[in-house]
Amino acid sequence: MNPSFLPSRRKVLQGLGAAAAATAFPRYAYAADPLKIGLILPMTGPFASTGRQITAACKLYLQTHGDSVAGRKVELIIKDDTGLAPETTKRIAQEMVVQDRITVLAGFGLTPLAFAAAPVATEAKVPMIVMAAGTEVIPQRSPFIVRTGFTLPQNTAPVALWAAQNNIKRVFSLVTDYAPGHDSEKTFVNRFKAAGGTIIEAVRTPLRNPDYAPFLQRAKDSKADALFVFVPSGEGLAVMKQFEERGLKQTGMKMIGPGDVVDDDILVSIGAPAVGVITSMHYSAAHDSPENKAYVAAMTKANPGMRPNFHSVGGWDGMHLIYEAVKKQPNGNGQQLVEAMKGMKWTSPRGPMMIDPATRDVIQNVYLRETRMVNGEPWNIEFAKFENVKPSGDL
Ligand code: VNL
């Protein structure tokens, strides 16, 4: 064919207009239509562990549940957005809609990336499964978003209550300066104060190239009872290193927060300094259930040296949600698939979870954990449970 008959790549990518035009024509799905899942994740850069974990979990789901569902062949298309470039995430989402004609968009390692892709899902009318990013407001950005990960208020509220009830009176707070950090800080500060606690200082560190040393020195000088920390997955190693090097633990200061700072992906690398950290989180690789034992064994077998973390279950359960929605609506369009997802309930490796039909967000148990050495390795050992915690963190 004469190449001049082909629309130029540039024209196709002119943006949302092109995406909308491509989907303005009805697309009839036949039983043989492949189920194409477009995974957009940070596979390189500072948040590559999130991409690696979610990719591993999605591939494992395919291996264990088969690469076809309701007669449709499942195809995973994985693209790297590097983690820090929302424009790249948006462009990839557009390409996946227009060129790859994906059925579902999925992945989304960080909040700004999920925000960037949301209008593409809305325009193209394709479900967008948020597997990692945790800012509460995300599902409000598109009626096609469904979340299988967690929210920061959900994972922060329990540890605020624990601190207030465990003789912690004065807290120094440190969060990463972007939407999920703000969510976490707000939840902690409001709930801890309401329970009688005092916040000495609340500092925010940049998302790009953070240097935690000066902040941890300030935390040490503050003589707080505890240091509250939220940093996104992957950053915990640097924070724990400074906490250790500056001798904060030796002063008797407790580290508390949502569980991102003691992420299972890096916990073994952190080692002994993590012992004694108290966190609240929806998933621990040490969660004691038959589903989780099977999951951890299979993930470790398929990915030697990798311990599955909380982002991995966002991927695993995202695949489950897609498979189950397609079983209910084998040839469903985007809207029908989202409808099928609403209210769905199942037992994940993390424990019971459901998709709240009103918010399209996840309702799940959140556990209090203490990092302890077990057989020479640190694990986040759950010691209390809050059931069916809402995305708002209301307990
Ligand atoms: C986000 C929140 C990302 C928590 C994370 O890891 C995390 C986010 C990359 O919403 O950007 O642990």
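Whatever order the structure lists ligands and atoms in, that order sets their numbers, starting from 1.
Closest non-hydrogen pair, K223 versus R170, comes out as O-NH1, 3.1 Å. In terms of heavy atoms, M253 sits closest to F243 at O-CZ, 3.7 Å. Scanning both residues, E244 and P273, for their nearest heavy atoms gives OE1-CB, 3.5 Å.
Proximity of D260 to ligand 1, defined as any heavy-atom pair under 4.0 Å, is confined to the side chain (atoms from C-beta onward). Under 4.0 angstrom from ligand 1, the non-hydrogen atoms of S233 come from both its backbone and its side chain. Neither the backbone nor the side chain of F115 has a heavy atom within less than 4.0 Å of ligand 1.
The only member of W162, F172, F188 that meets ring-ring contact (aromatic ring centres under 6.0 Å, His included) when paired with F228 is F188.
Counting only N and O atoms by type, the side chains of T135 and D183 include no donor and acceptor under 3.5 Å apart. Of the N and O atoms on the side chains of D81 and T89, at least one donor lies less than 3.5 Å from an acceptor on the other residue.
Residue, atom and distance of the protein heavy atom nearest to atom 10 (O) of ligand 1 are T111 OG1, 2.5 Å. Nearest protein heavy-atom neighbour of atom 6 (O) of ligand 1: H311 NE2, 3.0 Å.
Using modelled atom types, no side-chain atom of Y283 and backbone atom of H311 make a donor-acceptor pair closer than 3.5 Å.
Between A132 and ligand 1, not a single N/O pair is under 3.5 Å apart.
Per-residue contacts place T50 under 4.0 angstrom from the following atoms of ligand 1 (heavy atoms of the residue considered): 9 (C). Against a heavy-atom cut-off of under 4.0 Å, F310 is close to the following atoms of ligand 1: 12 (O). Residue A133 approaches ligand 1 through these ligand atoms, each under 4.0 Å from one of its heavy atoms: 8 (C), 10 (O). With ligand atoms numbered from 1 in the order given, ligand 1 contributes 2 (C), 4 (C) to contacts under 4.0 Å with heavy atoms of F230. Within ligand 1, the atoms closer than 4.0 Å to a non-hydrogen atom of Y178 are 1 (C), 3 (C), 8 (C), 11 (O), numbered from 1 in the order shown.
In this structure, G109 counts as a contact residue of ligand 1, since one of its heavy atoms falls inside 4.0 Å of the ligand.
Two rings, from Y61 and Y323, have their centers less than 6.0 Å apart.
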